[in-house]
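In what follows, every heavy atom counts, from backbone to side chain, and hydrogens, waters and symmetry copies are set aside. Every chain is numbered from 1 and lettered A, B, ... according to where its sequence line falls, protein lines coming before strand lines.
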2 protein chains.
Amino acid sequence: MAAAGALDRRQRRRQETIEEILDVAVAVMTEQGVAGLTLGEVARRMGIRPPSLYGYFDGKHALYDALFERGWRALQRVLEQAGATGDGADPLTAWREGTAVLVRWAVEHPAHSALMFWRPVPGFTPSARAYEPAVELDAASRVLLVRLRDAGHLAADVDVDRAYRTWTALVGGVISQQLSNAPDEPFESGTFTAVLPDVMDMWLGHHRSNPSAR
Amino acid sequence: MAAAGALDRRQRRRQETIEEILDVAVAVMTEQGVAGLTLGEVARRMGIRPPSLYGYFDGKHALYDALFERGWRALQRVLEQAGATGDGADPLTAWREGTAVLVRWAVEHPAHSALMFWRPVPGFTPSARAYEPAVELDAASRVLLVRLRDAGHLAADVDVDRAYRTWTALVGGVISQQLSNAPDEPFESGTFTAVLPDVMDMWLGHHRSNPSAR
DNA sequence: GTCTATACTACGATAGAC
DNA sequence: GTCTATCGTAGTATAGAC
């Protein structure tokens with residue numbers, strides 16, 4: 001039992017170090033840009049030497065990969081807490097609020113967002129494991145979209161896939177513009193996040209009256 | 001006259017070298033990502049040494065700056081050629097076609113677009129000179145938007161600034177999603193560029209019936 | 001004037017001592 | 001587990017050949 005306790009303690013300590021590395025990396029990325037992350041700067045802020053980081057991550061890309069996965073998992077979590085993926089609430093409310101929560105999270109986590117939504121790092125491609133929560137969230141969003149249609153908020157013959165793609169473009173556009181042009185503005189009063197209600201109305205109106213025909 | 005001729009010839013030669021550097025840089029950025037540009041790779045492809053590039057550009061950032069400016073100027077040019085900024089055509093047609101030309105140019109010039117619309121390079125901020133065509137295009141777009149309203153295609157009391165911001169978010173979103181998720185698809189059959197007509201209809205419909213109130 | 005040669009600093013990464 | 005030492009390559013800058 002003593003050995004197991006020591007192992008737990010050691011593993012917990014290790015986990016704490018991993019968390020610290022990731023937190024510091026996010027801070028560096030927020031200040032210097034996602035591609036401006038350097039292992040030297042992370043090590044410097046932690047008071048260790050760059051090679052020591054290799055005891056926790058297999059290089060810089062592994063760090064990006066962990067941040068990519070954690071970003072999607074964190075987004076998943078806030079959406080679940082907002083009740084956006086549950087079956088209880090009215091689909092329309094869930095859709096509207098879920099979208100707002102998504103955009104808020106994105107602008108409040110610019111470094112994660114840039115890594116997740118754009119691909120600013122030359123050689124980096126997320127692993128299948130890191131991609132998993134993104135795929136799950138995609139599937140959950142499509143399910144909710146179907147419920148939105150079945151509840152009569154969208155035209156019965158709407159092209160769900162096309163409508164979903166359109167929605168991602170609109171929401172992604174608001175996030176993109178806000179982060180590129182005014183990253184320091186808060187969600188509530190952002191130059192672009194402020195038009196999110198308009199954008200939602202636009203999308204809902206279009207798919208309520210105008211079906212996918214074109 | 002002979003001296004002037006020699007000077008012209010020398011300057012022309014120099015200009016050709018500058019163009020070649022920029023072309024090669026775009027090729028590298030297209031393959032490796034905007035932040036993946038290295039002077040060594042540019043020099044290697046041109047058959048020269050990295051320090052030779054300093055005779056034409058004051059380092060990598062100056063190269064980015066020139067590409068930023070040329071990108072906006074090129075976009076300006078194709079929009080003018082499409083008649084999107086002239087006074088002749090119907091404002092609605094000009095707006096629709098101008099938007100399509102913009103999106104097409106963006107997806108067909110991914111390296112330029114990433115540099116112009118996102119900010120993927122850590123230390124780089126475009127100079128005022130490089131920004132000029134972007135500002136001009138912004139102003140021209142707003143003028144056209146006012147003409148669109150005055151021609152009765154938008155509600156008379158529409159908030160022009162807000163409508164313009166919304167438009168940039170929508171169009172930027174389509175470009176963003178297309179370039180991030182399926183950069184190799186052509187404009188005509190792109191997963192996201194294909195919904196551009198829907199997005200345009202949405203935006204026009206919203207501002208025709210629903211004024212800025214909210 | 002334009003290039004090559006060379007040097008300096010910083011980065012990511014690995015090997016091996018303690 | 002962390003360190004020092006080291007490698008290869010990048011961006012940058014200067015000196016000097018032609």
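- One atom, CG of Asp58(B), and another, C1' of dA13(D), lie 12 Å apart when rounded to the nearest Å.
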Identify all pairs in which a protein N or O lies below 3.5 Å from an N or O of nucleotides 6-10 of chain D, and state each distance.
from, atom 1, to, atom 2, distance (Å)
dA10(D), OP2, Arg44(B), NH2, 3.3

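- DNA chain C lies under 4.0 Å from no heavy atom of any residue of residues 20-28 of chain B.
- Taking the six-membered ring where the residue is Trp, the centroids of Trp118(B) and Phe68(B) are separated by 6.0 Å or more.
- Evaluation of the side-chain hydrogen bond (donor to acceptor under 3.5 Å, both in side chains) rule for Trp167(A) yields Thr99(A) as partners, not counting sequence neighbours.
- For the segment residues 123-131 of chain A, the set of residues with a heavy atom within less than 4.0 Å of an atom of DNA chain C is empty.
- Taking side-chain N and O atoms only, Tyr54(B) has a distance below 4.0 Å to OP1 or OP2 of dT12(D).
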Polar atom pairs (N or O), protein with nucleotides 4-6 of chain C, under 3.5 Å:
from, atom 1, to, atom 2, distance (Å)
dT4(C), OP2, Ser52(B), OG, 2.8

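- Listed by first and then second residue, the side-chain hydrogen bond (donor to acceptor under 3.5 Å, both in side chains) pairs that reach into residues 49-67 of chain A are Asp65(A)-Ser127(A), sequence neighbours excluded.
- The salt bridge (Lys or Arg N to Asp or Glu O under 4.0 Å) search around Glu97(A) returns none, not counting sequence neighbours.
- Expressed to the nearest 0.5 Å, how far CG of Leu67(B) lies from CG of Asp23(B) amounts to 9.0 Å.
- In terms of heavy-atom proximity, Ala194(A) sits nearest to Pro197(A) at O-CD, 3.3 Å.
- Put simply, the side chain of Glu185(B) never gets that close to the backbone of Gln178(B): no donor and acceptor are under 3.5 Å apart.
- The two residues Asp198(A) and Arg162(B) make their nearest non-hydrogen contact at OD2-NE, 3.1 Å.
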Going by atom type alone, with no hydrogens or angles, which donor-acceptor pairs under 3.5 Å involve a side-chain atom of residues 133-143 of chain A and a protein atom two or more places apart or on another chain?
from, atom 1, to, atom 2, distance (Å)
Glu136(A), OE1, Gln76(A), NE2, 2.7
Asp138(A), OD1, Tyr164(A), OH, 2.8
Asp138(A), OD2, Arg142(A), NE, 2.8
Ser141(A), OG, Leu137(A), O, 2.8
Arg142(A), NH1, Asp161(A), OD1, 2.8

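- Applying the side-chain contact (heavy atoms from CB on, under 4.5 Å) rule to Glu16(A) yields the partners Arg12(A); only residues at least two apart in sequence or on another chain are considered.
- In this structure, Met46(A) atom CE and dC3(D) atom P are separated by 10 Å, rounded to whole Å.
- Atoms CZ (Phe57(A)) and P (dT14(C)) sit 16 Å apart, rounded to a whole Å.
- The nearest whole Å value for the distance from the CG atom in Leu63(B) to the P atom in dG11(D) is 11 Å.
- For dT2(D), the OP1/OP2 oxygens have a side-chain nitrogen or oxygen of Tyr56(A) closer than 4.0 Å.
- Note on Arg13(B): every side-chain N or O is 4.0 Å or more away from OP1 and OP2 of dG1(C).
- dT2(D) atom P lies 9 Å from atom CG of Leu53(A), rounded to whole Å.
- Shown here are the side-chain contact (heavy atoms from CB on, under 4.5 Å) partners of Arg149(A), two or more places apart in sequence or in another chain: Val146(A), Leu154(A), Val158(A), Val160(A).
- Gln32(A) places its CD atom 14 Å from the P atom of dA10(C), with the value rounded to the nearest Å.
- Between the OG atom of Ser113(A) and the CG atom of Leu102(A) there is a distance of 8.5 Å, given to the nearest 0.5 Å.
- Taking atom NE2 on His61(A) and atom P on dC11(C), their separation rounds to 17 Å, with Å as the unit.
- For Arg119(A), there are no salt bridge (Lys or Arg N to Asp or Glu O under 4.0 Å) partners at least two apart in sequence or on another chain.
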Which pairs of donor and acceptor atoms, one on a side chain in residues 30-37 of chain B, lie under 3.5 Å apart (sequence neighbours left out)?
from, atom 1, to, atom 2, distance (Å)
Thr30(B), OG1, Val26(B), O, 2.7
Glu31(B), OE1, Arg45(B), NH2, 2.9
Glu31(B), OE2, Arg45(B), NH1, 3.2

